[in-house]
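This structure is a prediction, so every number in the text was calculated from the model and none was measured. The figures that follow rest on heavy atoms only: side chains count, while hydrogens, waters and symmetry mates do not. By convention in this document, chain letters (A, B, ...) are assigned in the order of the sequence lines, proteins followed by strands, and residues within each chain are numbered from 1.
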There are 2 protein chains.
Amino acid sequence: MTINEIIDQRLGAPVAPSLGRLQPLGLREVTLREGFWQRRQDVNRTNSLAHIESWLERAGWLGNFTGAPQHRRGREFSDSEIYKLLEAMAWELGRSPDAGLEERYRSIVARVAAAQDADGYLNTNFGRPGQQPRYSDLEWGHELYCYGHLIQAAVARARTFGADQLVDVAIRAADHLCDAFGPGGIASVCGHAEIEPALVELYRVTGNTRYLDQARLFVERRGHQVLSDIEFGRSYFQDDMPVREATVLRGHAVRAVYLAAGAVDLAVETGDTDLLDAVTRQWQNTVARRVYITGGIGSRHQDEAFGEDFVLPPDRAYSETCAGVGSVMLAWRLLLAQGDARYADLMERTLFNVIATSPSDDGTRFFYANTLHQRETGTEPAPDALVPRAASTLRAPWFSVSCCPTNLARTFASLAGYIATKDDDGVQIHQYAAASIRTGDIGLDVETDYPVSGQVAIRVVHSPAAPWTLTLRIPHWATGATVDGAQVSPGLVHLRRDFTAGDTVLLDLAVTPRLTTADPRIDAVRGCAVVERGPVVYCAESVDLPDGVPVDALRLDPGVPLHDHDGGVAASCQVTLLDDDSWPYHDPAPELRTGAVDVTLRPYHDWASRGPSTMRVWLPLADQP
Amino acid sequence: MTINEIIDQRLGAPVAPSLGRLQPLGLREVTLREGFWQRRQDVNRTNSLAHIESWLERAGWLGNFTGAPQHRRGREFSDSEIYKLLEAMAWELGRSPDAGLEERYRSIVARVAAAQDADGYLNTNFGRPGQQPRYSDLEWGHELYCYGHLIQAAVARARTFGADQLVDVAIRAADHLCDAFGPGGIASVCGHAEIEPALVELYRVTGNTRYLDQARLFVERRGHQVLSDIEFGRSYFQDDMPVREATVLRGHAVRAVYLAAGAVDLAVETGDTDLLDAVTRQWQNTVARRVYITGGIGSRHQDEAFGEDFVLPPDRAYSETCAGVGSVMLAWRLLLAQGDARYADLMERTLFNVIATSPSDDGTRFFYANTLHQRETGTEPAPDALVPRAASTLRAPWFSVSCCPTNLARTFASLAGYIATKDDDGVQIHQYAAASIRTGDIGLDVETDYPVSGQVAIRVVHSPAAPWTLTLRIPHWATGATVDGAQVSPGLVHLRRDFTAGDTVLLDLAVTPRLTTADPRIDAVRGCAVVERGPVVYCAESVDLPDGVPVDALRLDPGVPLHDHDGGVAASCQVTLLDDDSWPYHDPAPELRTGAVDVTLRPYHDWASRGPSTMRVWLPLADQP
């Protein structure tokens, strides 16, 4: 089949396995409607894409493709930001054509194409006069990582439009790298995984098994100490242990989840159940021991890495936005392969508490790291400030390492692809958002203002005559949920019926505030609790507190019921002020309690939207020291 | 006065202010005798000095002084390790001459001298063919930092021996740098403080006010953004705010305490009470909010820096050994200036729990970072392994950045200088160790096996005929202490008497195990306690536990009294095993208690001496979740 024949079957899905338990729906099959995610998707299209393009231009990273090598600007991986922008544009153009956006897309593609060498090599940082030779620094050079994002952009374009100049450039680059790193070539891998899922996706688009074979080589090589050792150790780039043998995700969090995503893609396409089992085991152990309550991953600033099991300090959470994106990529692939609700549970948590947290309301400022405890009020970065990657305590317009804004852009643009799937028996709804679903003979309209309320009405617009199954995910926290008034348990609910147009299924997820505590092995939050409401994590922010009451003085009273209040959750807290400024280790001293206050907790994803503040997600309980 | 006249007055004190509340005693006035510190001092002399010299040779850092620039090895600051070794050798030769050691010392000095340029410049990493120009990278180049250690080594030699080739080299370097950075010269500072205290000490040795003036320039310039901004921010090298205005120590911990030490030296010599008050305030706030219970400082691996107030996670403690050395340097200077017991309290805590923790029993392996919670057993570095600076979970023979072994060496060699002081009214004993004190007409022998017991006998060997005052520090934790049977309170006890030879003062510091908790603002240890005994922090180590009981399963029962047992402290702990491997955030789950065990806790400074282990200092209390 040609690319253009393939895309007609795929209808624009961001990930499109040939095999697996569930089949994705494409951006032509699911459309978001007015609601939490559609608002963010619109802001991404109207504001973020232009914001990103403008910064890529002014920072010179776009100009690198046509400029002289000696004037190259930006970090060694800056090419990838252009590719991620192109991927976002491609998904947006697939969702809804726009002549102006199409022209901007084509103009950037033309500039990228101009930098490609005759043999397919493409990277503005290596191999040209005055630069390091090609592939001379696989540990840090990111050349294959950049190809990966180039290919992902081309896959998005192929699935939403068909063959074009970008697809051609990406295929030439892929053919080149298969020559360079294939059998008999350089027997190594890239320090930063990303080429692995990209090559499998390119195989899915083109049917060319050469790309699948190359992905397998990369996945199997890693872990055999093919890269040099570095200060952080080889676990930093997952070269400490083969993917098949590892029991948990480790090292640099983004690299870890990108690699695992590629391993799932490979396992699915090749029917390699051992490999799929290995990644599943790693995912499960990671979720049980190395994930923040927000879904965020990475507790070490130093190497942007996972810490050891249960090392999840709120105040030093790194929880990089890109790691959240990668975690969604991984969980989605596992969900398609296996169908378990737990994958969609983690995706939902990560979407509402990492992905939704990073951008400002207007989509022009971003968190790179997503702390769960802000102890000092920061200063707002200037609109023209280039901020070091994680130094900002407030959302910043751009970063020296600016991977997160472009990663968000491609995620928001393709978000509808993560809402629902199909199989031979019907449709599965994994994420609740106002949306239209049209696949084959089945048409569903989902009406909800989730997560504000837990009411979800699923209206059948058209249906085949024969019975089919509508599967709904009941989130793990949704005890008390009902479907058409009947109580259901967390997990999957299968409604096999003779549906007819006009039928409505009423799901109530019983969204009420609740108090959550942590496994006691998570030392850093001993004696604390978090307020959650539906999939949303709440926090106490200084701007909501009376003068003179710091967030760190709050002691949540678990005896007073939580209740919805003014768009937030009202909680009763005792206030504990401590003025002692001597040696802080001694026999227990009586705390100075100055009474109780009612505090309105706000969704964590909205924090720092009202200027500099201090904040905490985990609140000490009043009956704790 | 000439240098040789000056040293006769100073008798080898590591820090020798002209002014201040107390006067130091030199290494000829205080001698350690058989006991905790003397054993470590002997191991340092017999094993560590040779171990360090051998590594400096094989790593090529010593060879840099005579080798070709293009073959230079090691990091940009490696010259300083040679200087710190020379300082340690100089103190040791001052304590007790040794022909072999003297020859090794002179041989190294000759090699160093060979690298000095005609104008006094001396650095193997800059300014020679193929190298960056002199002073072209003040942020990271460490040239002035290296001078600082060169000068400190020369000061040690001058105070213990007199003028020699090293003293001459250092004076020529100092004169050169005063030309280069003096009025009209480069109006900046070094990214790593150290030259500041060194120049004041060189002024004290030589009487040349030019060095004092230059130290003042350096101290006053810093904080006015004279260095370039970096990813970590200018606070990393304390260039964010003038020393006079800061309220707390911040940024890179070693740089912060070295700078503060230099500021105290400057303030004392110039009678600048504002500056002294500023540093005192910073020290007090730091001790109340940014110091681990071990005395360790620095809670961030990423930039080896202080965290915000109360961010003191045990499992991510950086607590660099060198920062402990610097903290002792700072507290000692404040003690000499002001006489308060709290400075000696922190010194004692840091000496017993950071300085004594770093080296192995045989003085040939070292901790760079000193964690308070080891979650995973590491692997023992090979004897010939060059370990990245903080990657080791076990003591390592040498590091790529190997500042700590040499810093320990100079500290152990000069340790007797921190035991006691004098003033016009008598002698003050600050640290309890078996020692002989001989100063002027006063002779005291201190007999004790402290900290094993709290019994200290101070025997008067000779005394002036007139009454004088013996001042004893009662540590802040020593409630129940007695002097000659009479109860005394923590702080200073002044015994003004007509002492005669043969008199004995009996101090009992009531060393018994105790339970210590933390200020509740230290979130990371909520619900936990530490067992301390005298000045020593204790820990639970896996090698002392029954099979199948991980240290993280221990819940200390505060209702069962602690008692001394088998060289450690016996504590009763409940064991809480958790096997759950699902999402770790939920409603409180009942813990699986599997009974109680008696655990023998061991001194933290001895941990990891019996092979790979896991360890924790802070133990959750049994009545906590």
Side-chain angles (χ1 to χ4, degrees), chain A residues 230-233 284-285 287-289 291 293 299-302 307-311 313-316 342 345-346 373 375-376 388-389 391 400 476 514-528 530 532 552 576 578 580-589 591 618 620 624-625, chain B residues 230-233 284-285 287-289 291 293 299-302 307-311 313-316 342 345-346 373 375-376 388-389 391 400 476 514-528 530 532 552 576 578 580-589 591 618 620 624-625:
Chain A
I230 57 171
E231 178 177 340
F232 303 140
Q284 181 169 330
N285 286 335
V287 169
R289 304 176 195 166
V291 175
I293 194 166
S299 62
R300 291 191 180 181
H301 281 243
Q302 186 182 27
E308 298 96 337
D309 288 350
F310 304 113
V311 181
D315 49 11
R316 289 297 282 169
R342 57 184 179 167
D345 279 348
L346 186 73
H373 183 181
R375 291 175 179 268
E376 298 182 354
R389 66 172 186 223
S400 311
H476 71 99
R514 65 187 188 279
L515 215 51
T516 303
T517 58
D519 187 306
R521 288 171 293 186
I522 305 177
D523 283 290
V525 296
R526 191 180 309 285
C528 296
V530 170
E532 299 186 279
D552 290 330
T576 301
L578 292 151
D580 188 30
D581 254 346
S582 62
W583 180 245
Y585 306 103
H586 37 61
D587 288 338
E591 296 190 350
W618 287 96
Q624 304 294 332
Chain B
I230 57 169
E231 178 177 340
F232 303 138
Q284 181 168 330
N285 287 334
V287 169
R289 303 175 195 168
V291 175
I293 194 165
S299 63
R300 292 192 179 180
H301 281 244
Q302 186 182 28
E308 299 95 336
D309 287 350
F310 304 113
V311 181
D315 49 12
R316 288 298 280 166
R342 57 184 180 166
D345 279 348
L346 186 73
H373 183 180
R375 291 174 178 269
E376 299 181 353
R389 66 170 186 225
S400 311
H476 70 101
R514 65 189 188 276
L515 216 50
T516 303
T517 58
D519 187 306
R521 289 171 293 186
I522 305 177
D523 283 290
V525 296
R526 191 180 310 285
C528 297
V530 170
E532 299 185 280
D552 290 330
T576 301
L578 291 152
D580 188 31
D581 253 345
S582 61
W583 180 246
Y585 306 104
H586 38 60
D587 288 337
E591 297 190 350
W618 287 96
Q624 304 293 333

Asks: Between A:Ser299 and A:Val311, is there a donor-acceptor pair closer than 3.5 Å when you use the side chain of the first and the backbone of the second?
Replies: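 Checked: pair present.
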Asks: Measure across B:Asp309 and A:Glu376 and return the closest heavy-atom pair with its distance rounded to 0.1 Å.
Replies: N-OE2, 4.4 Å
Asks: For chain A, which candidate among B:Arg289, B:His373, B:Gln284 shows the most heavy-atom pairs at distances under 4.5 Å?
Replies: B:Arg289
Asks: Hey, which of A:Ile293, A:Asp315, A:Ile230, A:Asp519 has the most heavy atom pairs under 4.5 Å with chain B?
Replies: A:Ile293
Asks: For A:Arg375, is it the side chain, the backbone, both, or neither that has a heavy atom closer than 4.5 Å to a heavy atom of chain B?
Replies: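 Answer is side chain: those atoms of A:Arg375 sit under 4.5 Å from chain B.
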Asks: Between B:Glu308 and A:Arg316 (salt bridge meaning N to carboxylate O under 4.0 Å), is one present in this structure?
Replies: no
Asks: Going by heavy atoms in the side chains, are A:Ile522 and B:Tyr585 under 4.5 Å from each other?
Replies: yes
Asks: Find the one option among A:Asn285, A:Asp552, A:Val291 whose heavy-atom pairs under 4.5 Å with chain B are most numerous.
Replies: A:Val291
Asks: Which atoms of A:Val530 come close to chain B, meaning under 4.5 Å heavy atom to heavy atom: side chain ones, backbone ones, both, or neither?
Replies: neither
Asks: Looking at A:His476, A:Arg342, A:Glu532, which one has more heavy-atom pairs under 4.5 Å with chain B than the rest?
Replies: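 Sorted descending by pairs with chain B, the first entry is A:His476.
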Asks: Below 4.5 Å from any heavy atom of chain B, which atoms of A:Phe310 appear? Answer side chain, backbone, both or neither.
Replies: both
Asks: Looking at every non-hydrogen atom in both residues, tell me the closest pair between B:Thr516 and B:Trp618 and how far apart they are.
Replies: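 Heavy atoms only, the tightest pair is O-CZ3, 3.8 Å.
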Asks: Would a distance-only check, ignoring hydrogens and angles, find a side-chain to backbone donor-acceptor pair under 3.5 Å from B:Thr517 to A:His586?
Replies: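 Such a contact is found between B:Thr517 side chain and A:His586 backbone.
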Asks: With a 4.5 angstrom heavy-atom cut-off, which part of A:Asp523 approaches chain B: side chain, backbone, both or neither?
Replies: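 Both parts, backbone and side chain.
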Asks: Please report the closest heavy-atom contact between B:Pro314 and B:Ala524, naming both atoms and the distance.
Replies: CD-CB, 3.8 Å
Asks: Between A:Ala518 and chain B, with a heavy-atom cut-off of 4.5 Å, which part of the residue counts as in contact: side chain, backbone, both or neither?
Replies: both
